[in-house]
K.L.:
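Structure in structure tokens, see below.
Note: hydrogens, waters and symmetry copies are ignored here, and every other heavy atom, side chains too, is used. From a predicted model like this one, the values you see are computed outputs, not experimental measurements. One-based numbering along the sequence shown.
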Amino acid sequence: FGSDGTRVKVWHCPAGHHLQPHKAEQGACDGCRAHVAAGDGVMGCRQCNWYLCTECHPQEQEEGDWFWSSVSHFIGTFQQEAAEIAQEFQEMADEFEGFCNEVSDSMSCSVSTASQARTDEIRVDGKG
């Protein structure tokens with residue numbers, strides 16, 4: 001874990017636990033009180049919910065980190081978009097089902113006996 005040498009690094013939380021790199025939950029840095037967004041890299045103690053932002057505890061990043069971070073971001077964005085599209089398709093399917101039910105109901109035959117049939121209707125029994 002790198003440092004520019006201008007700041008003494010803190011390696012333990014106030015309870016004495018060794019700090020580990022991890023992704024933060026939304027909150028504030030316990031060193032400078034700066035806002036920390038969910039998913040930001042921090043050095044912290046999960047047991048105490050105590051962490052330092054990258055300003056208070058700079059961290060080295062490997063050159064490949066930007067690539068995997070970008071891939072992870074892309075996958076997360078894709079999953080969100082796919083879920084929204086699936087929801088829209090479900091809404092369209094529900095609307096279509098309702099439309100089909102309405103059409104089906106309006107097309108049902110209401111003649112129950114031969115005497116109710118009009119003479120201008122088509123016969124299918126071959127007699128007329």
K.L.:
Using the test salt bridge (Lys or Arg N to Asp or Glu O under 4.0 Å), find all partners of R46 that sit at least two apart in sequence or belong to another chain.
P.N.:
none
K.L.:
When you compare the side chain of V42 with that of L52, does any pair of heavy atoms fall below 4.5 Å?
P.N.:
no
K.L.:
Suppose we screen for side-chain hydrogen bond (donor to acceptor under 3.5 Å, both in side chains). Which residues come up paired with N101, at least two apart in sequence or across chains?
P.N.:
none
K.L.:
Mind checking whether W11 and H18 have parallel, tilted or perpendicular rings, split at 30° and 60°?
P.N.:
parallel
K.L.:
Give the table of side-chain donor-acceptor pairs shorter than 3.5 Å for residues 77-87, with sequence neighbours excluded, one pair per line with atom names and distance.
P.N.:
| unit_1 | atom_1 | unit_2 | atom_2 | d |
| --- | --- | --- | --- | --- |
| T77 | OG1 | H73 | O | 3.0 |
| Q80 | NE2 | E84 | OE2 | 3.2 |
| Q87 | NE2 | E91 | OE2 | 3.2 |

K.L.:
Does E102 have any side-chain hydrogen bond (donor to acceptor under 3.5 Å, both in side chains) partners at least two apart in sequence or in another chain, and if so, which?
P.N.:
none
K.L.:
Can you tell me how far CE of M43 sits from SG of C56, rounded to the nearest 0.5 angstrom?
P.N.:
12.5 Å
K.L.:
With H17, which residues qualify under side-chain hydrogen bond (donor to acceptor under 3.5 Å, both in side chains), at least two apart?
P.N.:
Q47
K.L.:
Name each donor-acceptor pair under 3.5 Å that joins a side chain in residues 23-38 to protein atoms two or more places apart or in another chain, with its distance.
P.N.:
| unit_1 | atom_1 | unit_2 | atom_2 | d |
| --- | --- | --- | --- | --- |
| D30 | OD1 | R33 | NH1 | 3.4 |
| D30 | OD2 | Y51 | N | 2.9 |

K.L.:
For H12 versus L19, what's the shortest heavy-atom pair and its separation?
P.N.:
N-CG, 3.8 Å
